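Only one structure is covered here, and it is reproduced in the block below.
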Amino acid sequence: MPNLTRLICSLLVLLLCTATTMADEPQPAQIMLFGTFHFANPGLDVVKTDQVNVMTEENQTYLAGLTKRLAEFDPTVVLLEFDPDDEPEMQEKFSRYLQGAFELPNNEVYQIGFRVAANSAASTVHSFDETTIGWDGQALFEHLEKSDTETGEVMSALIERITNEEQIAQSTLSLKQLLMRTNDPDRDALNRSFYILTNHVGDGSNFVGADATASWWHRNFRMYARVQRYARPGERVLLVGGQGHTSILKQLLADDSQRVAVDVTPYL
């Protein structure tokens with residue numbers, strides 16, 4: 001019996017030590033990806049629509065409540081879609097905002113990102129954007145016009161369909177509904193399908209379709225590299241970016257064994 005007692009005590013000590021070690025180890029970073037449309041659309045996307053006015057009293061009230069809920073996630077890092085070269089300027093603007101000396105412009109970077117960062121554990125804001133490369137579709141469009149008009153017509157029809165749907169949505173849905181839409185998995189899949197649709201173009205000759213698709217994924221892979229740099233163990237990261245990016249970043253995060261995704265939908 002004494003030997004059994006010593007064995008039980010040894011096992012209990014081992015379990016306690018293991019539990020303590022696990023508790024001391026930093027947990028994987030939690031990442032919340034918030035897809036949105038551009039509040040002040042610069043017209044750089046293939047799909048071009050008029051935007052809902054987020055500066056109305058009703059929409060400002062919704063944004064105040066939304067950002068308060070997002071702040072309850074208590075992010076330690078807030079990543080936003082702006083030129084990385086502008087980071088010192090953006091951090092200076094954020095400091096002035098904290099002092100009540102900066103009025104938030106009509107842009108999701110400010111209307112969502114600044115508000116959440118100011119009410120959370122994040123001390124400032126950072127960029128996750130990559131501006132030195134982007135979707136390179138020129139050769140693809142030239143090939144479609146000269147050698148594959150059938151695919152070109154299918155692509156044009158999809159662009160027209162998405163444009164019409166987006167315009168109707170912006171004209172009829174509430175801001176809450178629009179943001180639910182930009183975080184809808186089905187809309188994410190539709191967004192990605194645009195690039196896969198033409199991936200085969202030039203197969204066996206010049207691969208202009210695959211190269212164009214790869215250029216867009218290349219930009220987003222670089223973006224995700226920036227996310228990984230900030231999303232270290234123990235961090236809670238909120239990323240606010242265009243749905244064209246978050247639809248891909250969500251897939252990359254799902255394959256990242258070092259980090260954990262947090263669903264933004266309940267906060268909307």
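Please read these numbers as outputs of a predicted model, since none were measured by experiment. For the numbers below, each heavy atom of this structure counts, side chains included, while hydrogens, waters and symmetry mates do not.
- Ring geometry for Phe73 versus Tyr267: interplanar angle over 60°, hence perpendicular rather than tilted (30 to 60°).
- Between Gln243 and the choices Thr36, Asp188, Thr182, the side chain to side chain donor-acceptor pair (under 3.5 Å) rule is met once, by Asp188.
- Residues Val78 and His126 form no side-chain contact, since every pair of their non-hydrogen atoms from C-beta on lies 4.5 Å or further apart.
- Cluster membership check: Leu173 shares its hydrophobic cluster with Val52, using side-chain heavy-atom separations under 4.5 Å among Ile, Leu, Val, Met, Phe, Trp and Tyr.
- Formation of a donor-acceptor pair under 3.5 Å by the Ser127 side chain with backbone atoms of Phe82 is found in this model.
- The OG atom of Ser147 lies 8.0 Å from the CG atom of Asn206; values are rounded to the nearest 0.5 Å.
- When each of Val240, Leu239, Val116 is checked for a side-chain contact (heavy atoms from CB on, under 4.5 Å) with Phe34, only Val240 meets the rule.
- Within the 4.5 Å cutoff, no side-chain heavy atoms of Val201 are placed close to those of Phe207.
- Hydrophobic clustering (ILVMFWY, side-chain heavy atoms < 4.5 Å, transitive): Ile196 and Leu190 are in distinct clusters.
- Salt-bridge annotation for Glu142 and Lys146: absent, with no side-chain N of the basic residue lying under 4.0 Å from a carboxylate O of the acidic one.
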message: salt bridge (charged side-chain N to carboxylate O under 4.0 Å, His left out) for Arg187 and Glu166? Distances and angles first, verdict last.
response: CA-CA 11 Å; Arg187 301 300 300 183; Glu166 289 300 313; 3.1 Å; yes
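- Applying the side chain to side chain donor-acceptor pair (under 3.5 Å) test between Asp129 and each of Arg226, Arg222, His245, Arg219 identifies Arg219 as the sole match.
- Of the possible polar contacts, one joining the Glu130 side chain to the Thr132 backbone as a donor-acceptor pair under 3.5 Å is found.
- Inter-residue side-chain proximity for Tyr97 and Glu103 is flagged as unmet; no heavy-atom pair is nearer than 4.5 Å.
- To the nearest 0.5 Å, the span separating CG on Asn191 from OG1 on Thr246 amounts to 8.0 Å.
- Remark: Gln51 CD to Ser171 OG distance equals 10.0 Å, nearest 0.5 Å.
- Ser193 OG to Ile162 CD1: the interatomic distance, rounded to the nearest 0.5 Å, is 6.0 Å.
- Side-chain contact between Leu238 and Gln30: absent, with no pair of heavy atoms (C-beta onward) separated by less than 4.5 Å.
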- request: Apply the test salt bridge (charged side-chain N to carboxylate O under 4.0 Å, His left out) to residues Glu235 and Arg259: give CA-CA distance (whole Å), side-chain angles for both, the deciding distance (0.1 Å), then the verdict.
  value: CA-CA 10 Å; Glu235 302 286 1; Arg259 294 163 182 85; over 6 Å; no
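- Distance check: Phe94 CZ to Ser123 OG gives 8.0 Å after rounding to the nearest 0.5 Å.
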query: Which is it for Asp136 and Asp211 under the side-chain contact (heavy atoms from CB on, under 4.5 Å) test, yes or no, and what are the steps along the way?
result: CA-CA 8 Å; Asp136 185 3; Asp211 289 346; over 6 Å; no
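- Between Val109 and Met90, the closest heavy-atom pair is CG1-CE, 3.4 Å.
- To the nearest 0.5 Å, atoms OG1 (Thr56) and OH (Tyr62) are separated by 13.0 Å.
- A salt bridge is absent between Arg181 and Asp186; no separation between the charged side-chain nitrogens and carboxylate oxygens falls under 4.0 Å.
- No donor-acceptor pair closer than 3.5 Å links the side chain of Asn199 to the backbone N or O of Tyr195.
- A side-chain donor from one of Glu108 and His38 sits under 3.5 Å from a side-chain acceptor of the other.
- Of all heavy-atom pairs between Ala169 and Leu178, the closest is O-CD2, 3.4 Å.
- In this structure, Glu72 does not pair ionically with Lys68, as no charged nitrogen and carboxylate oxygen lie closer than 4.0 Å.
- Side chain of Gln111 to main chain of Pro105: a donor-acceptor pair is present (N/O by atom type, distance under 3.5 Å, no hydrogens or angles).
- In this structure, a donor-acceptor pair under 3.5 Å is absent between the side chains of Gln258 and Gln228.
- Counting only heavy atoms from C-beta outward, the side chains of Leu63 and Leu175 approach each other to under 4.5 Å.
- Thr172 places none of its side-chain heavy atoms less than 4.5 Å from the side chain of Gln177.
- Ring planes of Trp135 and Phe141: perpendicular class, angle over 60° (limits at 30 and 60°).
- Asn106 approaches Ala40 most closely through the heavy-atom pair O-CB, 3.0 Å.
- Side-chain contact between Glu145 and Thr149: absent, with no pair of heavy atoms (C-beta onward) separated by less than 4.5 Å.
- A donor-acceptor pair under 3.5 Å is absent between the side-chain atoms of Asn183 and the main chain of Thr265, judged by distance alone.
- Proximity of a side-chain donor or acceptor of Asp184 to a complementary backbone N or O of Met180 within less than 3.5 Å is not detected.
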- prompt: Passes side-chain contact (heavy atoms from CB on, under 4.5 Å), Val264 versus Leu70? Steps please.
  reply: CA-CA 8 Å; Val264 71; Leu70 289 171; 3.9 Å; yes
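- Contacts of Tyr110 classified as side chain to side chain donor-acceptor pair (under 3.5 Å), with partners at least two apart in sequence or in another chain: Lys93.
- Residues Pro233 and Pro26 come closest through the heavy atom pair CB-CB, 3.7 Å.
- Connection of Ile133 to Leu249 is not established within any shared hydrophobic cluster, with ILVMFWY side chains joined at heavy-atom distances below 4.5 Å, either directly or through further cluster members.
- Under the 4.5 Å side-chain heavy-atom criterion for grouping Ile, Leu, Val, Met, Phe, Trp and Tyr, Val260 is not connected to Ile31 through any hydrophobic cluster.
- For Gln60, the CD atom is densely surrounded, since the number of other residues' heavy atoms within 6.0 Å is greater than 12.
- Ala29 and Ala231 get closest at one heavy-atom pair: CB-O, 3.4 Å.
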field: Residues Asn53, Phe39; criterion side-chain contact (heavy atoms from CB on, under 4.5 Å); working and verdict
entry: CA-CA 8 Å; Asn53 182 8; Phe39 289 179; over 6 Å; no
Working for side-chain contact (heavy atoms from CB on, under 4.5 Å), residues Phe128 and Tyr230: CA-CA 9 Å; Phe128 75 93; Tyr230 287 106; over 6 Å; no
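- Nearest heavy-atom pair across Gly137 and Ala212 is CA-CB, 4.3 Å.
- Between the side chains of Thr151 and Asp148, a donor-acceptor pair is found at a separation under 3.5 Å.
- In this structure, Gln170 and Ile168 have side chains that are not in contact, with every pair of non-hydrogen atoms separated by 4.5 Å or more.
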